[in-house]
2 protein chains.
Amino acid sequence: MTIPAKERLLNAASKLFYQNGVHATSVEDILDEALVARQSLYLHFQSKDGLVAEFLKLRDQRWRESLHAFVKAHAGNPRQAILALFDFLQTWFSEPGFHGCAFINIAAEFSDPNHHFRLLAGEHKQHVLRYIKQLCHAAQLANPETQACRIALLMEGAIATELVTPDSDAAAQARQLAAMLLDTITLP
Amino acid sequence: MTIPAKERLLNAASKLFYQNGVHATSVEDILDEALVARQSLYLHFQSKDGLVAEFLKLRDQRWRESLHAFVKAHAGNPRQAILALFDFLQTWFSEPGFHGCAFINIAAEFSDPNHHFRLLAGEHKQHVLRYIKQLCHAAQLANPETQACRIALLMEGAIATELVTPDSDAAAQARQLAAMLLDTITLP
DNA sequence: GTTCCAATAGAACGGTTGTTCTATTAGAGA
DNA sequence: TCTCTAATAGAACAACCGTTCTATTGGAAC
């Protein structure tokens, strides 16, 4: 019935790490949010850093699952599937508490490219790119790998823009650019 | 001859804040980097936060000056001026110590959109966008304001992509997309 | 030479950080 | 009932945080 402490900890940490950043979130904050004893944290996780790593893995998993589900639900044809990526962004942006890409934010907070968190961020982006490549292949685009990189770049641009300029309708802007790209590619 | 303490402080703080983030940079770190006494910091700045604000203002000024100078030097015609934005990004990315956009990073570290740092970040992006709009007007593009937003989004996408995936040649990718956009706009 | 100001060194402040230790409690399975 | 496990409360830890205080130094302007 009651949610076990480990799960509550991970949920609380995920919320706070994403919302306020890793450095700005103290262990005390997490304990308060999760309503869990201090010792329980070190019983289930090695350290705060260990908890951060678990947060990133969970975030990667959940975010990509949401993306896949959304595209599957909103894709009539392969071309629409690619455009659905940007509709997904739009709904994501409108959610309360949106605070950009957790993995871009991690890269902003930790400068060493070889830091464990940074490697997890790189893996996340690789997984997303691989998925976009699948969609580009399915849409039978010319140079699908190149197009996938371009689509990914448009998504990154929308996410970053929405974070600093929330009233810019960045997802729709990026969607229009993607549509233009698809037209330019498929026409000749 | 010798650089005054205030300037050394601001330079050291700028380097460390940009490289490692605000939260990860301690006052002690700044003093060590600047070779300045502790009291001197509080003699020239109100607090660490005050120093952060000065860093952001200086960063905004210098970065935009570099951009303007580069475009002025590499722009044969108005269309080339727009593409030069992405050549500027490419040279920026190749500089040692590149660590993304300082203002995106600030937004990642501070969640409150009304925080002073966030407002400074918003102003920076507004200034850059205004400049891009000037270029789009000069190039006599249809719907220049809309095109400027798209160009800005492509730039954001390149910067974010380069941060997490340094081997992706993001600036060139974005430049190609911009060129396609300009062709699509100007042809009909 | 005296005054003035920028800059220095270094201790001290209260508060917070992540982590560990000790001891106790509640509930489920045997 | 006894045992095992998960979870709790709360003190304690050393280290670090941003900031302030006191006292001193060096050089330039007058």
Side-chain angles (χ1 to χ4, degrees), chain A residues 1-58 105-106 108-112 115-118 120, chain B residues 1-58 105-106 108-112 115-118 120:
Chain A
M1 192 63 231
T2 56
I3 302 169
K6 181 171 185 176
E7 200 176 337
R8 265 183 294 152
L9 273 168
L10 193 48
N11 284 337
S14 295
K15 172 183 171 184
L16 295 173
F17 286 153
Y18 175 67
Q19 198 72 249
N20 304 326
V22 168
H23 285 118
T25 301
S26 69
V27 168
E28 199 82 13
D29 293 336
I30 298 170
L31 301 179
D32 289 350
E33 176 77 21
L35 296 174
V36 148
R38 185 181 307 275
Q39 184 71 315
S40 299
L41 191 152
Y42 294 95
L43 197 135
H44 292 293
F45 304 93
Q46 295 151 327
S47 61
K48 183 192 175 184
D49 278 12
L51 188 47
V52 174
E54 292 299 316
F55 148 64
L56 290 173
K57 290 176 193 170
L58 179 66
N105 296 351
I106 277 288
E109 284 206 78
F110 295 86
S111 56
D112 178 8
H115 190 292
H116 183 213
F117 303 161
R118 290 288 298 266
L120 291 175
Chain B
M1 191 64 231
T2 56
I3 302 168
K6 181 172 183 176
E7 199 177 335
R8 264 184 294 151
L9 272 168
L10 193 47
N11 284 337
S14 294
K15 172 183 170 183
L16 294 174
F17 286 154
Y18 174 66
Q19 199 71 249
N20 304 327
V22 168
H23 284 119
T25 301
S26 70
V27 168
E28 200 82 13
D29 293 336
I30 298 170
L31 300 178
D32 289 351
E33 176 77 21
L35 296 174
V36 147
R38 185 181 308 275
Q39 184 71 317
S40 300
L41 191 152
Y42 295 95
L43 195 135
H44 292 293
F45 304 93
Q46 295 152 326
S47 61
K48 183 192 176 185
D49 278 13
L51 190 48
V52 174
E54 293 299 318
F55 148 65
L56 291 174
K57 291 176 193 171
L58 180 67
N105 296 352
I106 277 287
E109 284 206 76
F110 295 86
S111 56
D112 178 8
H115 191 291
H116 184 214
F117 303 160
R118 290 289 299 264
L120 291 175

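Predicted, not measured: the structure shown is a model, and the values here were computed from it. Chain letters run A, B, ... following the sequence lines, proteins first, then strands; residues in each count from 1. Keep in mind that the numbers below use all heavy atoms, side chains included, and drop hydrogens, waters and symmetry copies.
Contacts of L9(A) with the nucleic acid, taken as non-hydrogen atoms under 4.0 Å apart, are absent. Within 4.0 Å of L51(B), counting heavy atoms only, lies no atom of the nucleic acid at all.
Between H23(A) and H23(B), the ring planes are tilted. Angles from 30° to 60° get that label. Between F110(A) and F117(A), the ring planes are perpendicular. Angles over 60° get that label, and only those under 30° would be called parallel.
The CG-P distance, from L31(A) to dT20(C), rounds to 14 Å in whole Å. Put simply, CD on Q39(A) is 12 Å from P on dT19(C), counting in whole angstrom units. To the nearest angstrom, P of dA6(C) lies 8 Å from NE2 of H44(B).
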Give every donor-acceptor pair under 3.5 Å between a side-chain atom in residues 44-52 of chain B and any protein atom, sequence neighbours left out.
unit_1: S47(B); atom_1: OG; unit_2: D49(B); atom_2: N; d: 3.4
unit_1: S47(B); atom_1: OG; unit_2: G50(B); atom_2: N; d: 3.2
unit_1: K48(B); atom_1: NZ; unit_2: V22(B); atom_2: O; d: 3.1
unit_1: K48(B); atom_1: NZ; unit_2: T25(B); atom_2: O; d: 2.8

Please list, pair by pair, any protein nitrogen or oxygen found under 3.5 Å from a nitrogen or oxygen in nucleotides 16-18 of chain C.
unit_1: dG18(C); atom_1: OP1; unit_2: K48(A); atom_2: NZ; d: 2.8
unit_1: dG18(C); atom_1: OP2; unit_2: V27(A); atom_2: N; d: 2.9

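N11(A) and S14(A) share no side-chain donor-acceptor pair at under 3.5 Å.
For K6(A), the salt bridge (Lys or Arg N to Asp or Glu O under 4.0 Å) criterion is met by no residue, not counting sequence neighbours. Looking at residues two or more places apart in sequence or on another chain, you find a salt bridge (Lys or Arg N to Asp or Glu O under 4.0 Å) between E28(A) and R38(A). Under the rule for a salt bridge (Lys or Arg N to Asp or Glu O under 4.0 Å), the partners of K57(B) that lie at least two apart in sequence or sit in another chain are E54(B).
What you find for E33(A) and A12(A) is that their closest heavy atoms are CG-CB, 3.4 Å.
Nucleotides of DNA chain D lying under 4.0 Å from heavy atoms of chain B occupy a range whose first and last members, 5' to 3', are dC17(D) to dT22(D).
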